[in-house]
Amino acid sequence: VDVKLNTCATPELLKAEGYDAVIAAVGAEPLTPPIPGLEHAKVATATYGHEDTLGDSVIVIGGGQVGCETALHLAKLGKKVSVVEMRDALAPDASTTHRGDLMSVIAAEPNFVPVLNARCTGVTATSVTAKQDGKEITITADSVVLAAGMKPKTAEADSFIGTAPLFSEAGDCVKARTVEWATKEAYFAAINL
């Protein structure tokens, strides 16, 4: 296997290399809902490896699998983490087997504070305002993290169409989901070559 590090794959590069097959797996990017002040939040995926840039208390906007796993990671580092989720349950997008284990670990973590049925309406560098059960609430913390979902990089993936006689797409660039789906889709894309 020839691995090319520090190389940006472009349609032109792949055409020049003359590959027989190309599988685009360029992933997804964070969703940024139209919430005033959201520019003050750090994207969840960008906090890994940079946890020291966050304060001792953190608000995570979004209680899906990514939000819960990020919040749990930060809580285990000793940070007090409030998770603001608009639905009435945490991590409904997680697989059944993973969700059960995740909920058990969350329940045992005292630094993890769920705030359910709360739709975020505003963000500052140190607070989140939300509507919860018809009332406005404000939660304060040292830092705010966004985990409101991902959107596929469809246009980037589609730009590779025609770069090889055989072409397919796999993973989050098709539809943002879990690593389980991405791995399964990548397996079938490769096996179908």
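As the structure is a prediction and not an experimental result, all values here were calculated from the model.
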Gap between atom OG of S57 and atom CG of D142 - 0.5 Å precision: 3.5 Å
If you measure from the Lys or Arg side-chain nitrogens to the Asp or Glu carboxylate oxygens, is any gap between E17 and K4 under 4.0 Å? yes
Rounded to the nearest 0.5 Å, what separation is found between the CH2 atom of W181 and the NZ atom of K175? 9.0 Å
Check for a donor-acceptor pair, side chain of T47 on one end and backbone N or O of H50 on the other, with a separation under 3.5 Å. no
Between K42 and L146, is there a donor-acceptor pair closer than 3.5 Å when you use the side chain of the first and the backbone of the second? no
Kindly say whether G49 contributes a backbone atom to a donor-acceptor pair with the side chain of E51 at under 3.5 angstrom? yes
Output for pair (I59 CD1, S127 OG), nearest 0.5 Å, gives 6.5 Å
S104 side chain vs G100 backbone, donor-acceptor pair below 3.5 Å: yes
Taking the side chain as every heavy atom from C-beta outward, state whether Y187 and I191 have any pair of such atoms under 4.5 Å apart. yes
Shared ILVMFWY cluster between V123 and V84, side chains joined below 4.5 angstrom? yes
Should L54 and V43 be regarded as members of a common hydrophobic cluster, given that ILVMFWY residues are connected when their side-chain heavy atoms come within less than 4.5 Å of each other, either directly or indirectly? no
Measure across P165 and D20 and return the closest heavy-atom pair with its distance rounded to 0.1 Å. CD-O, 3.4 Å
Is there side-chain contact between T163 and K15, with at least one heavy-atom pair below 4.5 Å? yes
Rounded to the nearest 0.5 Å, what's the gap from SG on C8 to CG on L13? Could you check? 8.5 Å
Within the 4.5 Å heavy-atom criterion, are R87 and P92 side-chain neighbours or not? yes
Salt-bridge criterion met for E185 and R177 (N-O under 4.0 Å): yes
Here the gap from M103 atom CE to D101 atom CG, rounded to the nearest 0.5 Å, amounts to 10.0 Å
Is I61 linked to L116 within one hydrophobic cluster, defined over Ile, Leu, Val, Met, Phe, Trp and Tyr using a side-chain heavy-atom separation of less than 4.5 Å? no
Inspect the surroundings of OH in Y48 and state if more than 12 heavy atoms from other residues, nucleotides or ligands are less than 6.0 Å away. yes
Given the rule that I, L, V, M, F, W and Y join up when any side-chain heavy atoms are under 4.5 Å apart, are L90 and L102 in one cluster? yes
Identify whether V60 and V66 are in the same connected component of the hydrophobic contact network (ILVMFWY, side-chain heavy atoms under 4.5 Å). no
With no hydrogens and no angle check, just 3.5 Å: does a side-chain donor-acceptor pair link H98 and E180? no
Name the residue from L38, V128, V115 that meets the side-chain contact (heavy atoms from CB on, under 4.5 Å) definition with C120. V128
dist E29:CD -> D172:CG (nearest 0.5 Å) comes out at 11.5 Å
Does the E85 side chain pair with the main chain of G63, one donor and one acceptor, at a distance under 3.5 Å? yes
For R99 and A91, indicate whether the former's side chain and the latter's backbone hold a donor-acceptor pair under 3.5 Å. yes
With a 4.5 Å limit on heavy-atom distance, are the side chains of V145 and V58 in contact? yes
Which heavy atom of V22 sits nearest a heavy atom of A164, and at what distance? CG2-CB, 3.6 Å
Is the backbone N or O of N117 less than 3.5 Å from a side-chain atom of D88, with the two atoms forming a donor-acceptor pair by type? no
